[in-house]
Amino acid sequence: MKDPSLTRERFIQGTAAGAASLAFGVPAFVPRRSEAADMVIIGVAEPYSGVYAAYGESETRGAQAAIDAWNKKGGVMGRKVAMSKEDEQSDPGVGVQKARKLVNQDKAVALMGTVSSAVSLSITGAANALGTLFIDSGGHTDDVTGKSCKWNTFRVCHSTWMETHATGSTLAHKFGKKWYLITPDYAFGHALSTGYQDVAAKIGATIVHEDLTPLGTTDFSPYLTKVLPAKPDVLLILPQGDDFINCVKQANQFGILKKIAAGGPQVELEAVWALPPEARVGFWGMEWYYKGTTVFGAGNTVAQQWVAEYRKKYGTPPTARSFFGYTAMDRILWGINEAKSTDSVKISKVLEGAHFQSPLLDTTAFFRKEDHQLMWPMWTGTIRPNGTPEDKYDIFDLIDKQPALAIEQTVTEKAAVCKMNYPS
Amino acid sequence: MFEHVAPELFNGLILGGFYAVVAIGLSLIMNLTGTVNMAHGSFLTLGGYLAFTLVARGTSFWVALLIAPLLTVIVGIAVERSMMVPLYRRDPVYSLLLTFGLSLMAEEAFRLIWGSRGLPFSPPPELAGGITLGFMQFPTFRLFIVVVLAVALGGLALFLLRTRFGLRLRAAVQDTEMIAALGTNTQILYMVNFGLGIFLAGLAGVLAAVMFQLSPTTGNQLLMPAFVTVIVGGMGSLYGALAGGILIGLAISLVTLYIPAASEVAMYILMAIVLLVRPRGLFGEEGIFG
């Protein structure tokens, strides 16, 4: 016999769930079906939760700025552009699901995004199976443009090889050749480690110790207590996101940053702003900065206006992640417009090797045909703990600029591992 | 050998004590009402954010250390009274699902209010820097955490063991229906007990925000070690939570010394061993969920 109260209860549960779904409706960022038919939809898969959430947000803001700029000009192929966003949660499996959903359900004609290298790799595979263009805006591991390269995948941010080769020699020259590495235990960290080993072998440096730390490590003290007894010249801090903040903050608490130099392949403004001033130290790679003539060139009013508008809208200056998002989206839309098609093969062919002048750089850049890596310079510098009197966010002092060709592997080296197999 | 092991042992004890406080808060709530509070990490994060906001507005850190957990308790009790009370008589899965949903909503709420980016939270000047212990330099703030945890746990023990209210709480854990039949208002017991657990979470949140970092995910990252601590120590036992926390802290620290890449799984291996050898946990009681 049926239990009436149970039936009623289930009914209430069901209607409550249904009502909630109706109340929230379709997420605001997904255009309504009637509008979507007339629009070009670009799928954006970023981490909006977890350790890389702040980076995902910055990349999305940059991408939105690119969409706004294109829509102001009339869109692409006479159609307005919109993004459909999904939270890939820094989880490779979730990334694949979200990529499929964006393409199959939201009808995205191209994909961009990711911060975690593991997700970049998983979406690279998923996008290839879907036959959809994917621009990896922020996952650095070499494999994306190396052994896992695909005809439909391009990358904006620097590769781990570029980051380690832009910083390694200077770190050795400035501080010494005995290095202690704290490395995140996934694709990104492993690739950075390989890069620094290569630099160390070339310049005669020694990696005295390396600890692999799981992604999402909160307490770094068990690792940090081992650093000073190993007597290194430099502590290379490779984790990013919340892990970077935890590691640097605790290295400062243990007095390590006062005793030995610290630095690493990349520092992200989002993370440094989250550090207390006393922990803001070190020599780092910087992928893009929101001011400086070595970044924009002298008198680049377009870039200055872009930065001012971004600050006005979001309250903080744009970061390297904002630039990645902007460039990835801008290149997708330029490619569609140029190819006069949303066909991924045609867009990929148009993007390959095409030099372009970004309004946010003083030099031209291009996606290298052989591996689809964006070739653009990288900067190094030190941190100003308290910013400047006029701008508390201006915490990075740019020292040097390295051209892309000097820090990335050669075309010949890449050709040995990267095989582009376009669909016949 | 000693110069390597001693810092790890010392650090492991402190880390374990920290996990224990979070776990004791979880245990308190679980013991009386059978609620597996998946939102415990969110209350921890809230404590951190409230303390940060108070300090940023000019309140002294010492005042914020007390006020922020109390404000967290107010939010906690509001949640408990409005949403959890109706689920106390149901299967624990209901409250588990509710608190899981609450934790997701809380993370988004923190993001909306305080932003996705982490916030810089420094210790007060008197707790900054380090103290030389002979075998290493140790952060003053971590030693301060030991003092705070000892005071909090001592206070809790006194409350539970030496007050009439504590006596009723312990009796209610044994047999809620009997103590209700004897005329005690069990709803007040539930509320105060939940508040105690949330106070410990809020306190741990302030300490974690300074020691680790303050972002919407701070609490949830600490929640899993706390759950493992409860399982290792044994459900239903506050002593077990303390012992479990210290064991896990030591295990993580010592494994990091020799096999760093395995540091994350160390606590799960320890949990698996305990579950195999003594399924109820080190100090646990059988059939806590009846």
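Here is the naming used below: chain letters follow the sequence lines, and residue numbers restart at 1 for every chain.
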Of the backbone (N, CA, C, O) and the side chain (C-beta and beyond), which part of [X] lies under 4.5 Å from a heavy atom of chain A, both, or neither?
X         : result
Thr256(B) : both
Ser215(B) : side chain
Leu15(B)  : side chain
Gln221(B) : both
Phe18(B)  : neither
Phe141(B) : neither

So [X] and [Y], would you call those rings parallel, tilted or perpendicular, with 30° and 60° as cut-offs?
X         : Y         : value
Tyr180(A) : His209(A) : tilted
Tyr52(A)  : Tyr186(A) : tilted
Trp114(B) : Phe110(B) : tilted

Given a strict heavy-atom distance threshold of 4.5 Å, which part of [X] is in contact with chain B: side chain, backbone, both, or neither?
X         : result
Gln253(A) : both
Ser49(A)  : both
Leu215(A) : backbone

Flag the one option from [options] with the top tally of heavy-atom pairs under 4.5 Å to chain B.
options                                    : result
Gly50(A), Pro222(A), Gly255(A)             : Pro222(A)
Gly241(A), Ala53(A), Ser221(A)             : Ser221(A)
Ile256(A), Asp242(A), Ile245(A), Leu212(A) : Asp242(A)
Thr213(A), Asp211(A), Thr218(A)            : Thr218(A)
Glu270(A), Gln250(A), Glu210(A)            : Gln250(A)

- Query: Between Phe244(A) and Trp284(A), does the ring centre distance come in under 6.0 Å?
  - Reply: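 Yes, the ring of Phe244(A) comes within the 6.0 Å limit of the ring of Trp284(A), centre to centre.
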
Are Phe220(A) and Phe254(A) near enough that their ring centres are under 6.0 Å apart?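 No, ring centres 6.0 Å or more apart.
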
field: Contact summary for Pro123(B) and Ala128(B), nearest pair of heavy atoms
entry: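 Here Pro123(B) and Ala128(B) meet closest at CG-CA, 4.1 Å.
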
### Query
Within 45° of the ring axis of Tyr94(B) and under 6.0 Å from its six-membered ring centre, is that where the NZ or CZ of Arg90(B) lies?
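Yes - Arg90(B) lies over the ring of Tyr94(B), closer than 6.0 Å to its centre and within 45° of its axis.
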
| task | Just give me the residue among Gly12(B), Gly118(B), Pro120(B), Gly115(B) that pairs up with chain A most often, heavy atom to heavy atom, under 4.5 Å. | result |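 That would be Pro120(B).
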
- In terms of heavy-atom pairs under 4.5 Å, which option from Met211(B), Glu108(B), Arg142(B) contacts chain A the most?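 That would be Arg142(B).
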
- prompt: Going through the distances and angles, do Glu88(A) and Lys98(A) end up as a salt bridge (charged side-chain N to carboxylate O under 4.0 Å, His left out)?
  reply: CA-CA 6 Å; Glu88(A) 39 90 332; Lys98(A) 297 298 173 80; over 6 Å; no

- Query: Is the CE atom of Met83(B) crowded by more than 12 outside heavy atoms at less than 6.0 Å?
  - Reply: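 Yes - once you tally the heavy atoms of other residues, nucleotides and ligands closer than 6.0 Å, there are more than 12.
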
Go through the steps to decide whether Glu46(A) and Lys85(A) satisfy the test salt bridge (charged side-chain N to carboxylate O under 4.0 Å, His left out), and finish with yes or no.
CA-CA 8 Å; Glu46(A) 294 281 6; Lys85(A) 296 189 292 185; over 6 Å; no

